[in-house]
Amino acid sequence: MLEIFYILLLVVFGGLIIVTMTQYGVRRGMLKDQLDNLREKTELQQARLQANGEEFDTIVLELEILQQEQDSLEAQATCMGNLDQFNTTTPVKKEKNDHRPTRLVAPRHL
């Protein structure tokens, strides 16, 4: 009777071991599939990140160029404003004989 109990106990524990190993295999397969899925998503995200980084670098360079152009245009506008102010505030003095052209006289050789 004790032998039957031991045999029954071994069969039950053997069955539990088989069930546990089967569940481990199934879960391992599911986890492996999920891990592969996550790796694919990670690779796609890294590719997008790299593309966005390159795009960002391009935008930064374009922004620097536009900032230089803006600074240049502001300097030009300031210069034009100063020139206009100089032309409107500084009176031009004319002499009386200013309307006659200057005559060049050729030297005479003897």
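Computation of the quantities below employed the complete heavy-atom set of this structure, encompassing side-chain atoms and omitting hydrogens, waters and symmetry-equivalent molecules.
Within a 6.0 Å radius of CD in Glu74, other residues, nucleotides and ligands contribute more than 12 heavy atoms.
Looking at Ser72, its side chain never comes within 3.5 Å of a backbone N or O of Gln68 through a donor-acceptor pair.
We find the CG-CG distance between Asp57 and Asn52 to be 11.0 Å, quoted to the nearest 0.5 Å. A distance of 11.5 Å separates CD1 of Ile17 from OG1 of Thr22, quoted to the nearest 0.5 Å. To the nearest 0.5 angstrom, Leu73 atom CG is 12.0 Å from Met80 atom CE. Expressed to the nearest 0.5 Å, how far CD of Glu69 lies from CD of Glu62 amounts to 10.5 Å. Going from atom CZ of Phe13 over to atom CD1 of Ile18 covers 14.0 Å, rounded to the nearest 0.5 Å. In this structure, the separation between CG on Leu66 and CD1 on Ile59 is 11.0 Å, given to the nearest 0.5 Å.
Applying the salt bridge (Lys or Arg N to Asp or Glu O under 4.0 Å) test to pairs two or more places apart or on separate chains, those with a residue in residues 23-41 are Asp36-Arg39.
Between Gln45 and Thr42, every side-chain heavy-atom pair lies at or beyond the 4.5 Å cut-off.
Both Leu9 and Val12 are part of a single hydrophobic cluster, where members link through side-chain heavy atoms under 4.5 Å apart.
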